Amino acid sequence: MTKPVIGFAGMTHLGLNSAVASAERGFDVICFDPDATRIGALNAGELPVVEPDLPDMFARRRAQLTFTTDPGMLKACDVIYVAPDVPTDDKGTSDLGPIRGLIDRVGEAMAPAAILVILSQVPPGFTRGLRRSLATRYYQVETLIFGRAIERAMYPERFIVGCADPAVPLPPSLATYLAAFECPILPMRYESAELCKISINMVLVAQVTCANTIAELCENIGADYGEIVPALRLDRRIGAYAYISPGMGISGGNLERDLATFNNFGDALGTSTGVVRAWQHNSGYRRNWALRTLHTAVLCHATDPVIAVLGLAYKENTDSVKNSPAVALIEALLPFSIQAYDPVVAPRAQWHPALTASADPIAACAGADVVLIMTPWPEFRTIDIGSLAKSLRGKVVIDPYGMLDRRAALAAGLEYHKLGVS
Amino acid sequence: MLAHQNAHPEKPARVVVLGAGGVLGKPLLARLKADGVVALGVGSADIDLQAADASDKLQRLLKADDAVVFLSALTPDKGRDVATLMKNLRMAEAVASAVSSVKCRHVIYMSSDAVYPFGNGTVDETTPADPLDLYGVMHKAREVIMMSAVQADALAILRCTLVCAADDTHNSYGPNRFRRQAARDGKITLGGEGKETRDHVFADDVAELIRLVLVHRSAGLLNAVSGRSHSFAEVARLVAATFVPPAEVSFSGGGGAVTHRHFDVTALHQAFPNFHFQSLEAVVAEVHRRGEGRSDG
């Protein structure tokens, strides 16, 4: 078969990165979004999200990418992915209204024989419930990671494809497209694939929760979790890529959404969800590790302290602040002055009335009693500890992810706090 | 878990403290007086909350713009039986009826960490209440009684852990009893090996916390706990060291299952970022200082 033309509907994080990666794999891609402002920006070369490698790849493949607000242009596509980011509320519940509306618009515009693939996160039962021929309707699991979206889109471990009947071969256009990525393809029934997406995230959350639970005991028992991790990774049953680095709870929105979806189904169908609720509780508890450490180390004895916060994004290499531990921390420090720095996220007045933006990490620390390094941005590893110590008024460094060298910090006379270390 | 109804602190029109003569009532009234807050202390001699006419008397006393702090309770030293439970519930019935009729602007109910079971690891405000004894059952029942009588945005429930105070008469196991033992006998004897851990708070600090809840007109649930737990052996040694010469600490051995209690105080930090409970070391020293020269053993 000749190379199929690929369509993507919904030009938010998932759709844009997937479209650009498809172009990099050699396909012509038509990108539709009803938002004229978003399409206008993309046509002007302005990217709405921060992702490593995205700007270069976007520029390199610009000629293969068509951005349009006209759904009629999707008629030229053989395979169309519907891939908007599905919004969630504070409890992780998805709002499926926008994706349903987008599917309807795409369905009206696409060629009758074209294949429709739902790529967004949807709950089990969603794809089968659509009003469309089963023969041209598919669901595909996305495994986007914020900050690694291009890498994940270019080199997936496998494709998980939800089908009406997994015994029936995939249509040639979809099979040709997926084959270009040179990874295993796992067809399964719609509901299995939709639950597979949730299953992946649940296993990741279980690993993270386990790591955080062990790390906290390490903090109180004289151990260093950092010394334990390599031993875990060398265990074949755990593995080199396991999610076992300690952190401050799950954030970003997607994992939270899957846990909420699982609980909703479990409650409705009467299956056990107690362990999932324990993961959620532990996540909330660990999110406030920095706040508790700050109170113990500084706030319980300091008068009118100045607090420096480095990093606002929920993780490195992204501008997302959804459920960001840094933002949660700042919102719990209303009586105090805060000086913040993040490479891409600007401080927002809605978080805190006395939150000032600083030009760089050392400037943020000027005159501060304590600095908290809340996002593991790579550039924070290069902070000169001597300059940091001179800039601070106090001596306390709260560095959950260990961006600074602990021994160097202690040698500089700093009081150093890190996740998982006594 | 607390939501502040006042964006900025604001003194209540009047605070009515039920249980004015108790271990928390006295420091609370003193704290409110120092802050210039109009406060009325009501003790059992003023209104017997177990009496049939208690609700009527209380209704005549209360005003709609009052903030009511409900501290009155028969503590375990007065009895751990069903009869004591029922007396405590009758008191709550009277208070609930009165504040509901008058529609008081703000109500604080002082509950207890006895509503929580042991063995759940770190306790926070989301930990399910599953009391182990009638005292815990009493507080949980009184919480629900107050919730049925007061709008959610006008009711604060504080679950207080073990209170340490110079003039505490409850003589419950912990620093107060240890101090009396040391003063009387020159030694402190602990059951078992003293390994069990508990959280302890100073009565004056709890009074300050209540004041903060009042001026913010906070609603919801908060544990009144320090977040620092100590074994009874540590507590005994701290208390013993305040005496000259230091009191002897001995262990009776044996004992039942060892239980621990630790609290996550994130919700307290979030509600009142400037408030901190004093360390147990400071509390024990202060209680000893206040108790010096007094013979209450």
Side-chain angles (χ1 to χ4, degrees), chain A residues 91 209-210 212-217 219-221 248-249 274-275 277-307 309 325 327-338 351-355 369-370 372 398, chain B residues 1-4 6-9 116-117 119-130 197 199 201-202 205 208-209 212 215-216 218 220-231 234 260-283:
Chain A
K91 293 180 178 172
T209 308
C210 185
N212 286 338
T213 302
I214 299 168
E216 185 184 17
L217 189 57
E219 291 160 20
N220 293 280
I221 208 169
M248 290 189 287
V275 71
R277 294 178 201 280
W279 297 339
Q280 291 172 311
H281 182 269
N282 182 265
S283 174
Y285 173 63
R286 290 304 277 179
R287 180 171 305 135
N288 290 302
W289 176 89
L291 178 65
R292 288 190 294 273
T293 305
L294 179 63
H295 271 273
T296 302
V298 179
L299 300 183
C300 68
H301 51 71
T303 305
D304 202 17
V306 175
I307 299 164
V309 175
V327 174
L329 172 77
I330 288 168
E331 289 177 336
L333 299 173
L334 291 183
F336 313 116
S337 299
I338 300 180
W351 295 336
H352 193 289
L355 174 62
D369 295 271
V370 54
L372 299 105
I398 298 175
Chain B
M1 303 296 279
L2 278 187
H4 300 325
N6 292 342
H8 302 288
Y116 296 118
N120 275 6
T122 302
V123 172
D124 64 22
E125 287 76 2
T126 68
T127 302
D130 184 14
T197 50
D199 198 312
V201 290
F202 190 29
D205 292 342
E208 170 63 4
L209 180 62
L212 289 169
V215 298
H216 287 88
S218 311
L221 173 66
L222 185 71
N223 291 329
V225 298
S226 76
R228 298 178 296 268
S229 293
H230 300 266
S231 70
E234 289 176 310
H260 300 284
R261 175 149 283 167
H262 295 268
F263 288 94
D264 169 19
V265 289
T266 302
L268 176 65
H269 293 331
Q270 291 169 330
F272 303 112
N274 272 320
F275 172 82
H276 296 93
F277 281 100
Q278 295 176 65
S279 69
L280 185 62
E281 292 84 347
V283 172

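No hydrogens, no waters, no symmetry mates; every other heavy atom, side chains included, goes into these values. Lettering follows sequence order; numbering is per chain, from 1. Owing to the predicted nature of the structure, the values given are computational and were not obtained by experimental measurement.
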Are there more than 12 heavy atoms of other residues, nucleotides or ligands under 6.0 Å from atom NE2 of A:His301?
-> yes
Using non-hydrogen atoms and a 4.5 Å limit, figure out which bit of B:Thr122 sits close to chain A: side chain, backbone, both or neither.
-> side chain
With a 4.5 Å limit on heavy-atom distance, are the side chains of B:Gln270 and A:Asn288 in contact?
-> yes
Comparing A:Pro335, A:Ala332, A:Gly284 against chain B, the one with the most heavy-atom pairs below 4.5 Å turns out to be A:Pro335
Do A:His281 and B:Asp124 meet the criterion of a side-chain donor-acceptor pair at a distance under 3.5 Å?
-> yes
Can you say whether the rings of B:His269 and A:His295 are parallel (under 30°), tilted (30 to 60°) or perpendicular (over 60°)?
-> parallel
